[in-house]
Amino acid sequence: MAKVISFGIQKGGSSKTTTSGIVAHILSQEYEKKVLAVDLDSQGNLTELLTQQDIYNFHGETVFEALKERDARKYIHNVTQGLDILSAEDHLARFPAWLYESYRGNRSLVLKETLENVQDQYDYIIIDTPPALGDQTINALAASDAVVAMFEASKFCYSALGRFLETCIHVQEMVNKDMKVAGILRSLIDSRRTDNKALIELVEEEYEDLCFETIMTRTAAIGRLSINGFSNNPELNPALKSYRDFVKELIDRV
Ligand SMILES: Nc1ncnc2c1ncn2[C@@H]1O[C@H](COP(=O)(O)OP(=O)(O)OP(=O)(O)O)[C@@H](O)[C@H]1O
Ligand SMILES: [Mg+2]
């Protein structure tokens, strides 16, 4: 059975997509695991990052169709050896409307039910969530064995973090008592900025046991990853070093 891991935080631009995409890449290409990446954000950034295609190419064959049928099987696309994706595009923005207008079951468990048919085909299912505490994120948390809370060093993200962790507890209590918070990953850090350093330390003090040791700095090569993609990208290998350290920690914790 696959381990299901979500990356979340309601603050936008906190490296959820970049980190979940790189983790899916490392697990499938370097650990040779079978990985399903799930794009739960209507921006379709994970879809674009991993496939390097226009997200409209997937129109009508996305995670939204899978959610509506509660069956992922027909909508899985292969990306590379060992890595598949349930893609997303703009129409996923209609998911909450569909849930409240047309769905009669437990609204938090639609994704979990959708993945049930494919869970034994993968070692890991990696879910990227949108920058909101809405229905997609709740469904991701309810379907997960483990959640990584992303923290980019800003005051707004610091404010978001406490409420994100409270939401995780709420989902544990309501629908998924087995889910655990794998940890807080500090990312997009600029080590030259003293305010960044102060925020990293603040989070470390407040959430000591939860913080991953690995801290992700901002690098130009990772910033360009959405443009250059994973294949034939010579600058990527050295830039992945800290992500490899993070994946080791993550595997140990889940
Ligand atoms: N380690 C990094 N170094 C440099 N740039 C990065 C790094 N991680 C992410 N970025 C860049 O930061 C921006 C935000 O990253 P990303 O899109 O992954 O965040 P997100 O949390 O998924 O955003 P959203 O909330 O909109 O979904 C992107 O332009 C991305 O290329
Ligand atoms: Mg994103």
Side-chain angles (χ1 to χ4, degrees), residues 5-26 37-53 55 58 62-64 85-90 92-93 95 126-141 144 147-161 163-165 167 183-193 196-197 199-200 203 212-230 233 235-247 249-250:
I5 306 171
S6 285
F7 290 77
I9 191 76
Q10 67 273 36
K11 170 74 178 66
S14 306
S15 201
K16 295 179 285 294
T17 302
T18 304
T19 308
S20 55
I22 293 175
V23 168
H25 170 82
I26 289 175
V38 179
D39 190 348
L40 262 200
D41 183 0
S42 65
Q43 296 182 92
N45 292 161
L46 184 68
T47 303
E48 194 178 334
L49 178 68
L50 290 176
T51 69
Q52 291 289 297
Q53 288 190 47
I55 57 173
F58 297 94
T62 70
V63 69
F64 191 22
I85 190 165
L86 269 178
S87 61
E89 48 104 9
D90 302 358
L92 184 58
F95 177 65
I126 303 293
I127 305 175
D128 181 31
T129 63
L133 291 175
D135 293 298
Q136 278 112 292
T137 297
I138 299 297
N139 266 270
L141 299 179
S144 292
V147 175
V148 176
M150 296 298 303
F151 176 72
E152 60 90 20
S154 73
K155 176 65 170 58
F156 291 154
C157 203
Y158 177 74
S159 305
L161 188 58
R163 297 199 305 276
F164 182 77
L165 296 172
T167 304
I184 297 167
L185 179 62
R186 292 161 291 176
S187 191
L188 284 168
I189 306 303
D190 182 342
S191 48
R192 291 165 305 184
R193 278 178 57 175
N196 271 206
K197 229 172 142 242
L199 279 163
I200 291 175
V203 168
F212 288 101
E213 257 174 54
T214 314
I215 293 174
M216 304 300 183
T217 52
R218 238 176 231 279
T219 66
I222 298 299
R224 286 190 287 264
L225 182 58
S226 57
I227 302 169
N228 295 332
F230 287 92
N233 180 351
E235 67 178 359
L236 183 61
N237 189 35
L240 289 186
K241 168 154 190 338
S242 51
Y243 288 90
R244 293 187 180 107
D245 294 341
F246 165 62
V247 169
E249 279 194 80
L250 180 63

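In listed order, ligands and their atoms are each counted from 1. All figures in this text were calculated on a predicted structure; none of them were measured in a lab.
Looking only at heavy atoms of the protein, atom 31 (O) of ligand 1 is closest to G223 O, 3.6 Å. For atom 8 (N) of ligand 1, the nearest protein heavy atom (residue, atom name, distance) is S15 OG, 2.8 Å. For atom 12 (O) of ligand 1, the nearest non-hydrogen atom of the protein is L188 CD2, 3.9 Å. Regarding atom 30 (C) of ligand 1, its nearest protein heavy-atom neighbour is T18 OG1, 3.8 Å.
The proximity of D128 to ligand 1, defined as any non-hydrogen pair under 4.0 Å, does not occur for either the backbone or the side chain. Contacts of F7 with ligand 1, taken as heavy-atom pairs under 4.0 Å, are absent altogether. With a 4.0 Å cut-off on non-hydrogen atoms, Q43 touches ligand 1 through its side chain and not its backbone.
Within the 4.0 Å cut-off (strictly below), a protein heavy atom is located near atom 1 (N) of ligand 1. At a distance under 4.0 Å, a protein heavy atom can be found next to atom 4 (C) of ligand 1.
Residue contact annotation: T129 places no N/O/S atom under 2.8 Å from the Mg ion (ligand 2).
Atoms of ligand 1 lying under 4.0 Å from any heavy atom of P131, numbered from 1 in the order shown and given with element: 25 (O), 27 (O). Short contacts between ligand 1 and G12, defined as distances under 4.0 Å to a heavy atom of the residue, involve ligand atoms 25 (O). Proximity to G13 (heavy-atom distance under 4.0 Å) selects the following atoms of ligand 1: 14 (C), 19 (O), 20 (P), 21 (O), 23 (O), 24 (P), 25 (O), 26 (O). Distances below 4.0 Å separate heavy atoms of D41 from the following atoms of ligand 1: 27 (O). Atoms of ligand 1 found under 4.0 Å from any heavy atom of Y243, numbered from 1 in the order shown, are 1 (N).
For K16 (side chain) and K11 (main-chain N/O), a donor-acceptor pair under 3.5 Å exists by modelled atom type. Of the possible donor and acceptor atoms, one in the side chain of S154 sits under 3.5 Å from a partner among the backbone N and O of C157. Between the side chain of R224 and the backbone N or O of T219, no donor-acceptor pair lies under 3.5 Å. Between the side chain of E249 and the backbone N or O of E213, at least one donor-acceptor pair lies under 3.5 Å.
Using a non-hydrogen distance threshold of 4.0 Å, T217 registers as a contact of ligand 1.
In the model, T47 has no side-chain atom that pairs as donor or acceptor with a side-chain atom of T51 under 3.5 Å.
A side-chain contact (heavy atoms from CB on, under 4.5 Å) with E152 is found for one member of N196, I189, L188 and no other, namely L188.
Aromatic ring pairs are classed by plane angle as parallel below 30°, tilted from 30° to 60° and perpendicular above 60°; the pair F246 and F7 is perpendicular.
Closest approach of S87 to F58, counting heavy atoms only: OG-CB, 3.4 Å. Of all non-hydrogen atoms in I222 and T18, the two that sit nearest each other are CG2-CG2, 3.5 Å. What you find for S226 and L49 is that their closest heavy atoms are CA-CD1, 3.7 Å.
Contact of the I22 side chain with the L240 side chain is registered, since non-hydrogen atoms from C-beta on lie closer than 4.5 Å. Side-chain contact between I26 and R244 is present, with heavy atoms from C-beta onward closer than 4.5 Å.
Atom 20 (P) of ligand 1 has its nearest heavy-atom neighbour, among E152, K16, Q10, in K16. Compare S20, S242, P130, S14 by their heavy atoms: the one nearest to atom 21 (O) of ligand 1 is in S14.
Among the atoms of T219, some N or O lies under 3.5 angstrom from an N or O of ligand 1.
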